[in-house]
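Nothing fancy with the numbering, it's 1 onward along the sequence.
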Amino acid sequence: MRLVFISIIVLLLASSIGLGATWMTSTRGTNFGAIAIGAWTARPRTGTSDIDPYARASVARSGELPIGTGDGVAFVAATDDKGRTLDGRCDVVVSGTTPAARFWTLTLYDTQGQLVANTLQRYGFTSQEIVRGSAGNFEVRIASRARAGNWLPTAGLDKYLLVMRLYDTPVGVATGGQHDAPMPAIATTGCP
């Protein structure tokens with residue numbers, strides 16, 4: 001009887017640990033095969049048949065439709081370049097250039113993956129509509145209050161995510177990525 005009781009406890013413990021680990025990786029993401037450039041992280045294998053089981057569970061849970069490997073790659077940032085969480089009450093500047101890509105988008109999401117509601121219905125910028133400097137670089141201001149130039153409203157969220165999708169780009173394909181690609185800098189410039 002003691003052997004049966006110990007066996008049941010061990011099975012329950014093993015099941016709890018396995019299910020807990022699976023839940024954590026599917027809700028918090030994994031970094032298997034990830035490319036990190038500054039604050040930006042991409043998982044180029046997510047849109048391929050080589051996707052790892054934890055990333056597959058994360059995609060199934062979120063309902064996200066990943067970009068296929070031949071189409072491009074999506075970079076996500078939850079912090080600035082100094083590691084501070086992106087706070088919608090603060091002023092954040094995304095500036096610089098992007099890796100070579102035929103087309104790109106920069107979109108603001110809440111931590112649940114939803115677009116941030118705002119009265120302007122401005123959710124992001126594309127490479128074709130963004131105002132650039134004379135050298136081809138750009139600057140996007142992300143803040144709760146209106147700013148001159150390229151501005152994305154945050155609606156004062158506590159935390160948000162930035163997603164930069166690069167379409168038709170050599171970053172992330174076949175070779176595993178370019179860790180030295182010129183991703184835009186993310187800097188928190190002020191908090192109230």
side-chain contact (heavy atoms from CB on, under 4.5 Å) between Trp40 and Val163, intermediate numbers included: CA-CA 9 Å; Trp40 302 96; Val163 179; over 6 Å; no
Worked check of side-chain contact (heavy atoms from CB on, under 4.5 Å) between Thr105 and Tyr167: CA-CA 9 Å; Thr105 62; Tyr167 297 95; 4.3 Å; yes
Evaluation steps, side-chain contact (heavy atoms from CB on, under 4.5 Å), between Leu152 and Val140: CA-CA 7 Å; Leu152 282 177; Val140 176; 4.2 Å; yes
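Each ring pair (Phe, Tyr, Trp, His ring centres under 6.0 Å) pair with one or both residues in residues 134-154, not counting sequence neighbours, appears once here: Trp104-Phe138. Counting only residues at least two apart or in different chains, side-chain hydrogen bond (donor to acceptor under 3.5 Å, both in side chains) contacts with residues 110-127 comprise Arg122-Glu129. Residue pairs meeting the side-chain hydrogen bond (donor to acceptor under 3.5 Å, both in side chains) criterion with at least one partner in residues 130-140, sequence neighbours excluded, are Glu139-Arg141.
A heavy-atom distance below 4.5 Å is not found between the side chains of Val93 and Ile142. Thr107 has its side chain out of reach of Leu162: every pair of non-hydrogen atoms, C-beta onward, lies at least 4.5 Å apart. Residues Tyr160 and Thr154 are in side-chain contact: their nearest non-hydrogen atoms beyond the backbone lie under 4.5 Å apart. Contact annotation: the side chain of Thr41 never approaches that of Phe75 to less than 4.5 Å [non-hydrogen atoms, C-beta and beyond].
Listed by chain and residue number, Asp87, Asp158 satisfy the salt bridge (charged side-chain N to carboxylate O under 4.0 Å, His left out) test with Arg89 (two or more places apart in sequence, or in another chain).
Connectivity analysis of hydrophobic side chains (ILVMFWY, heavy atoms under 4.5 Å, direct or indirect) links Ile9 to Phe5.
Across every non-hydrogen atom of Ala39 and Thr79, the tightest pair is CB-O, 3.2 Å. Across all their heavy atoms, Gly88 and Ser144 have their closest contact at O-CB, 3.6 Å.
Under a hydrophobic clustering in which Ile, Leu, Val, Met, Phe, Trp and Tyr are joined whenever their side-chain heavy atoms come within less than 4.5 Å, directly or via other members, Met164 and Val76 fall into different clusters. Cluster membership for Val94 and Ile130, using ILVMFWY side-chain heavy atoms within less than 4.5 angstrom, is shared.
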Identify each donor-acceptor pair in which a side-chain atom of residues 183-192 lies under 3.5 Å from a protein atom, sequence neighbours left out, and give them as a table.
from	atom 1	to	atom 2	distance (Å)
Thr188	OG1	Asp80	OD2	2.7
Thr189	OG1	Asp91	O	3.2

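To the nearest 0.5 Å, atom CG of residue Asn150 and atom CZ of residue Phe125 are 4.5 Å apart.
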